[in-house]
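Scroll down for the structure; my scribbles are underneath it.
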Amino acid sequence: FDARAGYRPFRDRLRHAQRSDSPAERRELLIELAARGLELLGKPEAESEPEVTEVYPEELRLVAWEALVETSSRGGLVAEQAKLPEV
């Protein structure tokens, strides 16, 4: 949405409303922001059931593969799960 005309002023008004200390001012800013959001983004779409698509095995295509193996002490290959990085 950043490339749409009017998006930057929309984000600026949102930041201004978030920084407002007065509940009355924040309310007025958010009402104006909601109206501008409708103009910019359009009305919300009604929720609908997710579309289900059947996929058959022959339609699948492998796009990436990573071999996670190491050599055992006996000279054979042993599968190993990838370790998560420590945080």
Side-chain angles (χ1 to χ4, degrees):
F1 294 111
D2 290 356
R4 287 188 180 186
Y7 189 70
R8 178 170 283 172
F10 176 81
R11 293 289 298 165
D12 292 342
R13 284 184 175 88
L14 177 59
R15 278 191 286 279
H16 184 67
Q18 289 170 330
R19 293 180 183 144
S20 175
D21 291 330
S22 165
E25 179 187 23
R26 185 178 306 125
R27 180 181 186 277
E28 292 302 316
L29 288 168
L30 291 175
I31 289 171
E32 178 189 346
L33 189 66
R36 291 189 176 273
L38 286 173
E39 292 171 9
L40 182 64
L41 305 171
K43 291 184 177 184
E45 294 180 7
E47 289 187 32
S48 62
E49 291 295 317
E51 188 175 312
V52 177
T53 304
E54 289 189 34
V55 178
Y56 300 97
E58 61 271 8
E59 297 172 338
L60 298 177
R61 183 177 70 156
L62 180 65
V63 294
W65 170 350
E66 181 179 349
L68 304 173
V69 296
E70 68 178 28
T71 306
S72 72
S73 60
R74 292 185 232 167
L77 296 178
V78 177
E80 178 183 341
Q81 182 173 349
K83 294 177 178 68
L84 294 175
E86 292 185 16
V87 179

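- Following chains of ILVMFWY side-chain contacts shorter than 4.5 Å, one cannot reach Leu38 starting from Phe10, and the two form parts of different hydrophobic clusters.
- A chain of hydrophobic side-chain contacts below 4.5 Å, direct or via other Ile, Leu, Val, Met, Phe, Trp or Tyr residues, connects Leu30 to Leu41.
- At distances below 3.5 Å, not a single donor-acceptor pair connects side-chain atoms of Glu25 with backbone N or O atoms of Ser22.
- Taking 4.5 Å as the limit, some side-chain heavy atom of Leu29 sits within range of a side-chain heavy atom of His16.
- Annotation: Arg15, atom CZ; neighbour count of heavy atoms from other residues, nucleotides and ligands within 6.0 Å is above 12.
- Using modelled atom types, no side-chain atom of Arg13 and backbone atom of Leu33 make a donor-acceptor pair closer than 3.5 Å.
- Under a cut-off of 6.0 angstrom, the local environment of CD in Glu45 is sparse, with at most 12 non-hydrogen atoms contributed by other residues, nucleotides or ligands.
- Taking CZ of Arg8 as the reference point, atom CZ of Arg11 lies at 11.0 Å (rounded to 0.5 Å).
- Taking CZ from Arg36 and CD1 from Ile31, the interatomic distance works out to 14.0 Å, rounded to the nearest 0.5 Å.
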